[in-house]
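For ligands, and for the atoms within them, numbers begin at 1 and follow the listed sequence. When a residue number appears, it is its place in the shown sequence, counting from 1.
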Amino acid sequence: MHDILADEYIFYQSVFEKAEKVASYYGFQPIQTTILEKTELFTAGVGAATDIVEKQMYSFRTKGGDHLSLRPEMTASIMRAYLEHGMHTLPQPVMLWQKGPCFRHENPQKGRTREFQQFDMEIIGEPKPIAEVIIIQVLKSIFEELGLSIIVHINSIGDKECRPAYRKELIGYYRRKINNLCPDCKRRLKENPLRLLDCKEEKCLELKAGAPQMANYLCSSCKQHFREVLEALDSADIFYVLDNHLVRGLDYYSRTVFEIFENEGSGDALAGGGRYDYLAKTLSKKDFPAMGVAIGVDRLVQLMRDKKILPKQKKQPKVFLIQLGNAAKYKSLEIIEMFRKAHLPLNQSISKDSLRGQLNLASKLDMAYALILGQQEVLKDLIILRDMRSGNQETINLRDLVEVIKKKIAYD
Ligand code: HAM
């Protein structure tokens, strides 16, 4: 887990602002679900035999006896909120975005932390491939806005009709190789065989290359659905590669699954998502097909920093306010408010006392003007405006201050 300081925060702010803007443009509405949830939401939703639930959740028992967890992801929470607030009665689909932290007790390494920020988008109530295409198009636009081009790794993992046959085939394949599997995969083979395709151990990766592929087992409706998704990506000029062994680490997925990578890079996935048509049924008695994605904002920020993609800077102040004496200190707050309301940036160091110290700071910060407020000026509602380059000074009426500054300084 790490703190985000000012230098880094501007990158996060820029990512969130761009993502919110594009998502809202496409009709996504904001939602903010709670960071703590009942543990059973994730056990049922994400899957008891996934790494996330088995090994990575921050779970605890409250004094009242409730079993709670810090959310390891947002999809289950958003579906819970959709059901709890009767959003199925709204015009469908319901499109939602959410930003904020998630928590997974993973082995920390580059691109992997225990608290991380996601920007999540979900389309609930849309069974057709258009949901996939909207989500991927919105992602493409967000990344483009940030100066990055992406490639989509995509696969279909079928539905409840066709996946059992594939699962059986996969178990058969890995059983024949059981002695070469890592201890985790030996266990996974019994509980959750699809997870074997996710294992990053060298020897399991070698076996994965020869493992059966879901594409050969898809039923006709899953095939048709996937074909439509790919055709739409083609016509939207979105680059993708078919990744026949992509399964993703969460159990709620069906049909389309995908991950987003930077086009030129070979780094970690910047985003991941897919369709989860059965999650609503798992959490309630109702069926609401859905599709979504989460962007890993920390990885995105790291990539921007590595590639030196700088967020647009806000207007930088060119004026420094200097105050001398107690009365001027308090009057300064009034002046700061005047500037704030006029949307003029202003620098100051209100806790400093000496004229020299404040003037030095103003020139260190390369300010064009200093405003000097002493006891005399406070009494007469005046202020001294000093041109920092020439050293020329003039006294102006406080009433006219904002207008004078606006005329002197053209902010972009
Ligand atoms: P996920 O693939 O587990 O999917 O996470 C999405 C993204 O979050 C990843 O691609 C990665 O960029 C980032 N991420 C995940 N774990 C970490 C970590 N420990 N440190 C830093 N970044 C991380 C989900 O969470 C699904 N809920 C996505 C989804 C939404 N599926 C449908 N709707």
Nearest non-hydrogen protein atom, [atom]:
atom: atom 13 (C) of ligand 1; answer: G296 CA, 3.5 Å
atom: atom 23 (C) of ligand 1; answer: F116 CD1, 3.5 Å
atom: atom 20 (N) of ligand 1; answer: T113 N, 3.0 Å
atom: atom 21 (C) of ligand 1; answer: G111 O, 3.3 Å
atom: atom 30 (C) of ligand 1; answer: T75 OG1, 3.0 Å
atom: atom 2 (O) of ligand 1; answer: R248 NH1, 2.8 Å

Can you tell which of Q98, E122, Q118 makes a side chain to side chain donor-acceptor pair (under 3.5 Å) with T75?
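Answer to the side chain to side chain donor-acceptor pair (under 3.5 Å) test with T75 among Q98, E122, Q118: E122.
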Mutual orientation of the aromatic rings belonging to Y58 and F103 [parallel < 30°, tilted 30-60°, perpendicular > 60°]:
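Ring orientation, 0 to 90° scale: perpendicular.
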Any N/O pair [X]/ligand 1 closer than 3.5 Å:
X: E106; value: yes
X: A269; value: yes
X: M121; value: no
X: E73; value: yes
X: Y252; value: yes
X: Y253; value: yes

When you measure from atom 28 (C) of ligand 1 to each heavy atom in G272, G274, A76, which option holds the nearest one?
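It is G272 whose heavy atom sits nearest to atom 28 (C) of ligand 1.
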Between [X] and [Y], is the ring centre distance below 6.0 Å?
X: Y369; Y: F320; result: no
X: F261; Y: H153; result: yes
X: H88; Y: F288; result: yes

Report the part of [X] (side chain from C-beta onward, or backbone N, CA, C, O) that has a heavy atom under 4.0 Å from ligand 1; answer both or neither where that applies.
X: R112; answer: both
X: A271; answer: backbone
X: I260; answer: neither
X: F103; answer: neither
X: Q118; answer: side chain
X: V293; answer: backbone
X: M291; answer: neither

If you take all heavy atoms of Q302 and K110, which pair is closest and at what distance?
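In terms of heavy atoms, the two residues are closest at CG-NZ, 4.5 Å.
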If you look at every heavy atom in G158 and M214, which pair is closest and at what distance?
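Residues G158 and M214, closest heavy atoms: CA-CE, 3.9 Å.
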How about [atom1] on [X], more than 12 heavy atoms from neighbouring residues, nucleotides or ligands closer than 6.0 Å, or not?
X: E202; atom1: CD; result: no
X: K329; atom1: NZ; result: yes
X: Y9; atom1: OH; result: no

Could you check whether R305 makes a cation-pi contact with F11, meaning its NZ or CZ is under 6.0 Å from the centre of the six-membered ring and within 45° of the ring axis?
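The answer is yes, since R305 meets both limits relative to F11.
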Side chains of Y166 and N216: any donor to acceptor distance under 3.5 Å?
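No - no donor-acceptor pair under 3.5 Å links their side chains.
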Strictly by salt bridge (charged side-chain N to carboxylate O under 4.0 Å, His left out), give each pair with a member in residues 78-99 just once, sequence neighbours left out.
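Output for this query lists E20-K99, E37-R80, R80-E84.
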In ligand 1, which numbered atoms sit nearer than 4.0 Å to a non-hydrogen atom of [X]?
X: E122; answer: 30 (C), 32 (C), 33 (N)
X: Y276; answer: 32 (C), 33 (N)
X: A294; answer: 6 (C), 7 (C), 28 (C), 29 (C), 30 (C)
X: R299; answer: 11 (C), 12 (O), 22 (N), 23 (C)
X: D120; answer: 30 (C)

Could you grab the distance from atom CD1 of I134 to atom NZ of K128, nearest 0.5 Å is fine?
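Answer for the CD1-NZ pair, I134 versus K128, is 10.5 Å.
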I'd like to know whether ligand 1 has D298 as a neighbour, heavy-atom separation below 4.0 Å.
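It does not, in that no heavy atom of D298 comes within the 4.0 Å cut-off of ligand 1.
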Option passing side-chain contact (heavy atoms from CB on, under 4.5 Å) with L371 (candidates L401, I384, I322)
L401
